[in-house]
Each structure stands twice: as structure tokens, then as C-alpha cells.
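Hydrogens, waters and symmetry mates are skipped; everything else that's a heavy atom, side chains included, is used. Predicted, not measured: the structure shown is a model, and the values here were computed from it. Lettering follows sequence order; numbering is per chain, from 1.
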Amino acid sequence: MARWVLHVDMDQFLAAVEILRRPELAGLPVVVGGRGDPTERAVVSTASYEAREFGVRSGMPLKTAVRRCPDAVFLPVDFPVYEAASATVMETLRTYPGTVVEVLGWDEAFVGVAVDDPVEAAHGLQAAVLEATRLHCSVGVGDTLVRAKIATDFGKPRGVYVLTKDNWMEVMGDRPTTALWGVGKRIAQRLDDVDIRTVRELAHSSEEALIAAFGPNTGPYLRNLGRGLSRATVDDTPWVARAHGHETTYQQNLTATDEISAAVRALSDQVVADLRSEGRACMRVHLKVRFAPFFTFTRVRKLAEPTFDPAVIAQTALELLAKLDDDRPIRLLGVRGEMVPPEGGYER
DNA sequence: TCTGGGGTCCTAGGACCC
DNA sequence: TCTGGGGTCCTAGGACCC
């Protein structure tokens, strides 16, 4: 028996959950995002496959989505319902015989299994999840986490796809580096600057050149990514959060100073509520500001001593904001509290 | 097209210490 | 007078993911 990594990813998760409770929506273009009002500043969280046929994608402004698909049904994001569905999915994966489960997000997880036939195991997981939740998922099978993760997209929807060292280069070699999990537009551009455009070119590139361009850590990491190499063992150590933050995009930009300080204080109060629920004090304050039209800045400051006091966090955030010395209208504010690490540090 | 809200991690470089 | 080499801690800033 060999060890395999399965990547389980729910199909159109939020839309699928909504369709479960409103079966009449089945087969229709459904868009879940914001408060469900496509005239507001908000983005698409999930679009059903029918909506995707009109070019609607997650991350897209609702205003754009409604233009592309005026007949779509727009629904508000309903966190508690998705959290409950997610918990059932993860519990189903954990109770499946012989699995080790590493949760990646609401709707996806790595599942480690030791079996002769990983495809059979993948089908078994799909059936178990379907039975428990009436929701469909796709499964990527790999010999590393990266390969399993990338494989899933080739299996969507409702399928299984196997990506291992045997077919990695054949499947991925000619694709652009952005096809890799962890390579976005910026890294792709920087790779392009050193004449690396495909996964194959990245895999065959010189380590020294990548270290020179990306540093001692990221350089080798990228080269390994091109080869499909990464951690191969699923780790079910419970996740310990590093920080908690809250941010808000304002329908009307903020300009008045009292408005801004009230907003910072409200966000700080929310952050402290999260920190208190974990019993871990704030040790660094992060401020994120998006000015109009679209300039984003983040600043961090370490506190003299850890605190649960929202006034201290708000005051620190306002000092960081004052330091930016930018009086453009603010469209988004975020306050994040980085927590004191647990004794012995983080395991993962 | 006009960009949410939740996160994590990395690199460079300055300040400071021995 | 002019300044090595090693280390730690901190902030600025960037990038990625779901």
C-alpha cells in the first residue's frame, strides 16, 4: 500500500448549499455575494456553473456580474449556513476509515490515505460526502500536496483526476507558470523577466538564478513547484490562528476624521471580541487602508506590551494611519490583531 | 470590469548589540 | 581613525490563497 494525497474540493460550494434549501434554483444562474444586492460595492463569492457560462467569476464585482448575467439570481452570503455544511463535510472526511484530514478552507481539504487504489478511495469519499450532505465534490489524487491540489481542477465537476510524477510534465509542462498553486500574476511576471514562462522552463531552471531573483527560500520553492514537488504527507495538527482581523468596504467613502476614528474603533472592538474568545492578547496591530480610487497600504506596529484593550489597538491603528499622511477618501479600512504565539510557538 | 473579507508567509534593509 | 562579521529584532512592502 502506498501513501496518497487526495484533495477534496466542493463543487460551487456556496451556490450548491443555497440550491439545497431552494431546489427551484437548480439549473439557474445563481450568484452568491455581499448582501445579494448587485448595485452595492461587493464581489462574487461563488457563481453556479450556469452563471459561469455567462462569464461570471468569483472575485468579480457584483456590478460586473449583473451586467454579464442580468437574469442571475443574486443571493446574500449566509456564513452560519456554510459553516454548518462545511463542518459536516469535514466530519465526514475524518470519520471515513483510514483518513488523515488537513482542512484548507471552508470547502476544501487534503485527505491522506494509505491504499492500493487511490481512485477507488476518491470515489468512496465522494459518495460519503454526497450521502451526508447531498453536495457534490471533485477529488484530485497526487503523490504530493501540490499535485493533488492542481489535479482537482482537471476533475471538476464531480470528477477524479490523478496527477503524479509520472504524468506531471506531460500534463503541466507546457502550461504557463500561473497554472501552479502559489504563482500569481506578479511572480509570473518576475519569472518572465528571467525568461521562464512555462512550468517546464521553471522545472529545468537553475537554482542559483532563482535564488538570485527570489531569495534563498522562495527561489528553491518555486523551482520545486515547477516539478510538482512539495510536502507529501497530510498533517492533521489542529490549526492555530496567527491573527484575527476585520475589514469593511464603505458604500460611501470616508473623509471626515471623526467618521474615520469611529470606524477604526468599531473594527478594533470586533478584533478584541475575537481575541477574547481565544484568550490570546494582541501583540502587533496591522492597519490596512484602501484609498480611492485604488491604492492599498498596510502598516504594522508592535505594541509595547500585549493587550486586550480596544482603545489601545484603535489608537495604534490611528497613529499608523496618520503616518501614512494621505488625505484621499478611504474606501476600505481593516484592523488586524496579531496574537501572542502559544508557548512553544506554532507547530505548522 | 472596477475590484470583499478572511487569512498566511517572505524579503530587504535599518537599528542595535557583541 | 575608520570600521569586521555575526547575530537579533523591527518595519516596510509585496505576494499569494480561498
Side-chain angles (χ1 to χ4, degrees), chain A residues 7 9-10 12-14 31-38 40-46 54-69 76-77 79 82-83 86 103-110 145-146 149-150 152-153 177-178 180-191 211-222 225 239-251 267 270-271 274 283-304 316 319-320 323-324 331-339 341 346 348:
Chain A
H7 176 253
D9 195 279
M10 305 307 295
Q12 49 169 6
F13 183 55
L14 274 47
V31 176
V32 182
R35 294 190 284 192
D37 178 351
E40 288 188 350
R41 273 183 187 168
V43 297
V44 175
S45 291
T46 303
F54 291 85
V56 179
R57 297 281 178 272
S58 63
M60 169 183 285
L62 291 184
K63 284 174 185 167
T64 308
V66 74
R67 217 170 294 138
R68 294 200 178 180
C69 187
V77 176
F79 293 98
Y82 313 139
E83 260 156 35
S86 172
V103 177
L104 251 194
W106 264 0
D107 65 338
E108 58 177 309
F110 287 114
L145 268 66
V146 157
K149 166 77 182 172
I150 293 173
T152 312
D153 276 341
T177 54
T178 48
L180 297 166
W181 183 39
V183 178
K185 244 171 54 182
R186 304 296 184 151
I187 300 276
Q189 181 55 57
R190 287 172 62 191
L191 286 168
I211 288 174
F214 292 93
N217 213 315
T218 305
Y221 158 77
L222 287 172
L225 215 50
W239 181 251
V240 180
R242 271 67 166 163
H244 288 296
H246 286 273
E247 54 188 75
T248 306
T249 296
Y250 302 96
Q251 294 298 317
L267 291 166
Q270 288 179 275
V271 167
D274 288 349
M283 117 192 144
R284 261 194 279 266
V285 175
H286 300 238
L287 174 79
K288 177 172 171 183
V289 194
R290 182 119 80 214
F291 296 102
F294 212 72
F295 304 97
T296 306
F297 297 95
T298 59
R299 288 293 181 275
V300 187
R301 179 173 291 169
K302 189 178 199 297
L303 297 172
T316 307
E319 285 168 18
L320 288 168
K323 223 167 57 166
L324 283 176
R331 46 179 305 147
L332 176 148
L333 271 181
V335 175
R336 171 167 300 276
E338 192 178 329
M339 296 173 286
Y346 296 104
R348 169 154 63 86

### Between dG4(C) and dG14(B) - P atom distance, rounded Å
15 Å

### Message
Please report the distance separating the P of dT1(B) from the corresponding atom of dC18(C), rounded so that it comes out in whole Å.
### Response
25 Å

## Note on the structure
Under a 3.5 Å limit on both distances, the Watson-Crick or wobble mate of dC10(C) is dG13(B)

### Query
Now, which nucleotide makes the Watson-Crick or G-U wobble pair with dC18(B), with each of the two distances under 3.5 Å?
dG5(C)

Quick one: which of [options] gets closest to the side chain of [X]?
X         : options                  : answer
Asp107(A) : dG6(B), dC18(C), dC10(B) : dC18(C)
Lys323(A) : dA12(C), dC16(C), dT3(B) : dA12(C)
Ser45(A)  : dT11(B), dT8(B), dG4(B)  : dG4(B)
His244(A) : dT11(C), dA15(C), dG7(B) : dG7(B)
Arg290(A) : dG4(B), dT8(B), dC18(C)  : dG4(B)
Glu247(A) : dT3(B), dG5(B), dT11(C)  : dG5(B)
Pro61(A)  : dC17(C), dC9(B), dC2(B)  : dC2(B)
Leu332(A) : dC9(B), dT11(C), dG5(B)  : dG5(B)
Thr64(A)  : dC2(B), dC17(C), dC10(B) : dC2(B)
Val43(A)  : dT3(B), dT11(C), dT8(B)  : dT3(B)

Taking only N and O in the side chain of [X], is any of them less than 4.0 Å away from OP1 or OP2 of [N]?
X         : N       : answer
Thr218(A) : dA15(C) : no
Arg242(A) : dC9(B)  : yes
Arg67(A)  : dC2(B)  : yes
Lys149(A) : dC18(C) : yes
Arg336(A) : dG7(B)  : yes
Trp181(A) : dC18(C) : yes

Whole-Å distance between [N] [atom2] and [X] [atom1]?
X         : N       : atom1 : atom2 : value
Phe214(A) : dA12(B) : CZ    : P     : 11 Å
Arg284(A) : dT8(B)  : CZ    : P     : 12 Å
Trp106(A) : dG5(B)  : CH2   : P     : 13 Å
Tyr221(A) : dC17(C) : OH    : P     : 8 Å
Leu320(A) : dT11(C) : CG    : P     : 9 Å
Arg35(A)  : dG5(B)  : CZ    : P     : 10 Å
Phe291(A) : dC2(B)  : CZ    : C1'   : 19 Å
Leu267(A) : dG5(B)  : CG    : C1'   : 11 Å

### Message
Let me confirm one number: the CZ-CD distance from Arg35(A) to Gln251(A), rounded to the nearest 0.5 Å.
### Response
6.0 Å

Can you list, pair by pair, the side-chain donor-acceptor contacts under 3.5 Å of residues 331-339 of chain A, counting residues two or more places apart and other chains?
{"unit_1": "Glu338(A)", "atom_1": "OE1", "unit_2": "Arg284(A)", "atom_2": "NE", "d": "3.1"}
{"unit_1": "Glu338(A)", "atom_1": "OE1", "unit_2": "His286(A)", "atom_2": "NE2", "d": "2.7"}
{"unit_1": "Glu338(A)", "atom_1": "OE2", "unit_2": "Arg284(A)", "atom_2": "NE", "d": "3.3"}
{"unit_1": "Glu338(A)", "atom_1": "OE2", "unit_2": "Arg284(A)", "atom_2": "NH2", "d": "3.1"}

### Verdict with reasoning, Asp37(A) to Leu62(A), per side-chain contact (heavy atoms from CB on, under 4.5 Å)
CA-CA 8 Å; Asp37(A) 178 351; Leu62(A) 291 184; over 6 Å; no

### Query
Considering heavy-atom distances to DNA chain B, does Thr248(A) or Asn217(A) have its closest nucleotide positioned more toward the 5' end?
Thr248(A)

### Summary
On DNA chain B, more 5' by nearest nucleotide between Ala243(A) and Met60(A) is Met60(A)

### Query
Per the side-chain contact (heavy atoms from CB on, under 4.5 Å) rule, which among Ile150(A), Leu104(A), Leu145(A) passes with His7(A)?
Leu104(A)

#### Entry: Candidate pair Trp106(A) and Leu14(A), rule side-chain contact (heavy atoms from CB on, under 4.5 Å), full reasoning
CA-CA 10 Å; Trp106(A) 264 0; Leu14(A) 274 47; 3.9 Å; yes

### Message
Classify Val77(A) by what it touches in the nucleic acid, base, sugar-phosphate, or nothing, heavy-atom distance under 4.0 Å.
### Response
nothing

### Query
Given Thr152(A) and Glu108(A), is the side-chain contact (heavy atoms from CB on, under 4.5 Å) satisfied, shown in steps?
CA-CA 10 Å; Thr152(A) 312; Glu108(A) 58 177 309; over 6 Å; no

#### Entry: Step-by-step side-chain contact (heavy atoms from CB on, under 4.5 Å) determination, Lys288(A) to Thr296(A)
CA-CA 7 Å; Lys288(A) 177 172 171 183; Thr296(A) 306; 4.0 Å; yes

